[in-house]
Amino acid sequence: NAGAVFSFYPSRLVNKSGLPDYAGEYFGGMGKQLDTLADFTKLGIREDQPIHLFAQKGNNGPRVGLTLPLISRETFEKGMKELPNIFGVDNILKQMTEERGLRGVFRGERPFVFAYDHHVLVLLYEDGGDSTELGAALHELFDQESGLSSAEPTFARYIEANHDLGYWVKLEALPQLLGKEAIGNLDQLGDQLQGTTTMGMQFE
């Protein structure tokens with residue numbers, strides 16, 4: 001039931017930009033670190049499928065989620081353990097539990113949860129939300145038998161376009177995702193566009 005989705009292929013964008021080569025030439029060791037980050041497979045994340053940042057209606061306002069396609073659960077966990085602890089990885093690993101075949105953090109002090117199976121990692125955040133409710137929402141997402149492509153043909157076409165970077169928006173869902181002030185600023189846009197809009201960018 002997402003109302004907006006922003007999609008991108010991180011490795012494509014980093015490599016096409018030439019940033020690792022540039023940084024390697026001018027910044028030495030830092031360039032090598034960027035080159036490592038450009039290869040998301042080392043973190044157990046697939047390069048042949050996009051990462052999606054999505055927004056949907058929450059209980060206290062918009063709920064934001066992130067999905068990352070995984071090579072496998074084992075590869076992802078190995079990549080997590082090898083990350084520098086400056087990201088707080090050790091603390092996250094200690095909080096993780098397993099529920100109904102999923103591993104992750106399903107509740108805590110902050111309105112942020114995540115879980116993963118053998119195929120995908122999903123993170124959810126809702127400002128002012130309840131982490132227990134977000135944990136239940138995670139299970140609902142993983143239990144769904146069909147996704148947004150089945151519910152929204154325009155989203156299916158957007159995915160098929162295979163853009164390096166793009167977004168899909170269901171205009172009728174915007175009032176649930178944005179505040180009144182933002183909606184007021186979009187009145188003129190709403191007069192010109194109806195239904196669903198998509199946009200994508202491909203880089204050479």
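Every residue meeting the salt bridge (charged side-chain N to carboxylate O under 4.0 Å, His left out) condition with E98, not counting sequence neighbours, appears here in chain and number order: R103. Looking at residues two or more places apart in sequence or on another chain, you find no side-chain hydrogen bond (donor to acceptor under 3.5 Å, both in side chains) involving S131. For S72, the side-chain hydrogen bond (donor to acceptor under 3.5 Å, both in side chains) partners at least two apart in sequence or on another chain are T75. Under the ring-ring contact (aromatic ring centres under 6.0 Å, His included) criterion, F76 pairs with Y116, sequence neighbours left out. Taking the salt bridge (charged side-chain N to carboxylate O under 4.0 Å, His left out) definition, one finds that R107 meets it with E99, sequence neighbours left out. With sequence neighbours excluded, no residue forms a side-chain hydrogen bond (donor to acceptor under 3.5 Å, both in side chains) with H119. Applying the salt bridge (charged side-chain N to carboxylate O under 4.0 Å, His left out) test to R46 and every residue at least two apart in sequence or in another chain returns D48. For K57, there are no salt bridge (charged side-chain N to carboxylate O under 4.0 Å, His left out) partners at least two apart in sequence or on another chain. In this structure, H118 has no ring-ring contact (aromatic ring centres under 6.0 Å, His included) partners at least two apart in sequence or on a different chain.
Applying the salt bridge (Lys or Arg N to Asp or Glu O under 4.0 Å) definition to pairs two or more places apart or across chains, none involves residues 153-162. Applying the salt bridge (Lys or Arg N to Asp or Glu O under 4.0 Å) rule to pairs touching residues 134-147 yields R100-D143, sequence neighbours excluded. Applying the salt bridge (Lys or Arg N to Asp or Glu O under 4.0 Å) test to residues at least two apart or on different chains, the pairs with a partner in residues 123-138 are R63-E126.
Hydrophobic clustering (side-chain heavy atoms under 4.5 Å, transitive across Ile, Leu, Val, Met, Phe, Trp, Tyr) groups L43 together with L68. In the hydrophobic clustering of this structure, L124 groups with L102; members are Ile, Leu, Val, Met, Phe, Trp, Tyr whose side-chain heavy atoms approach within less than 4.5 Å, directly or through other members. Hydrophobic clustering (ILVMFWY, side-chain heavy atoms < 4.5 Å, transitive): Y9 and F54 are in distinct clusters. In the hydrophobic clustering of ILVMFWY residues, with side-chain heavy atoms under 4.5 Å counting as a link, V169 and I51 come out together.
Rounded to the nearest 0.5 angstrom, I71 CD1 and E47 CD are separated by 7.5 Å. Expressed to the nearest 0.5 Å, how far OG of S149 lies from CH2 of W168 amounts to 9.5 Å. L148 CG to I159 CD1: the interatomic distance, rounded to the nearest 0.5 Å, is 8.0 Å.
With contacts defined as side-chain heavy-atom distances shorter than 4.5 Å, the pair Y167/L53 does not qualify. Contact annotation: the side chain of V120 approaches that of F142 to within less than 4.5 Å [non-hydrogen atoms, C-beta and beyond]. The side-chain heavy atoms of F112 and L134, taken from C-beta on, include no pair separated by under 4.5 Å. For the pair F106/H139, a side-chain contact is recorded, criterion being any heavy-atom separation below 4.5 Å from C-beta on.
Of the listed residues (L121, L66, V122), just one forms a side-chain contact (heavy atoms from CB on, under 4.5 Å) with F114, and that residue is L121.
Between P69 and P50, the shortest heavy-atom contact is CD-O, 3.6 Å. Shown here for A151 and P153, the closest heavy-atom pair between the two residues is O-CD, 3.7 Å. In terms of heavy atoms, R73 sits closest to D117 at CB-O, 3.7 Å. Shortest non-hydrogen contact noted between G128 and P111 is N-CG, 4.3 Å.
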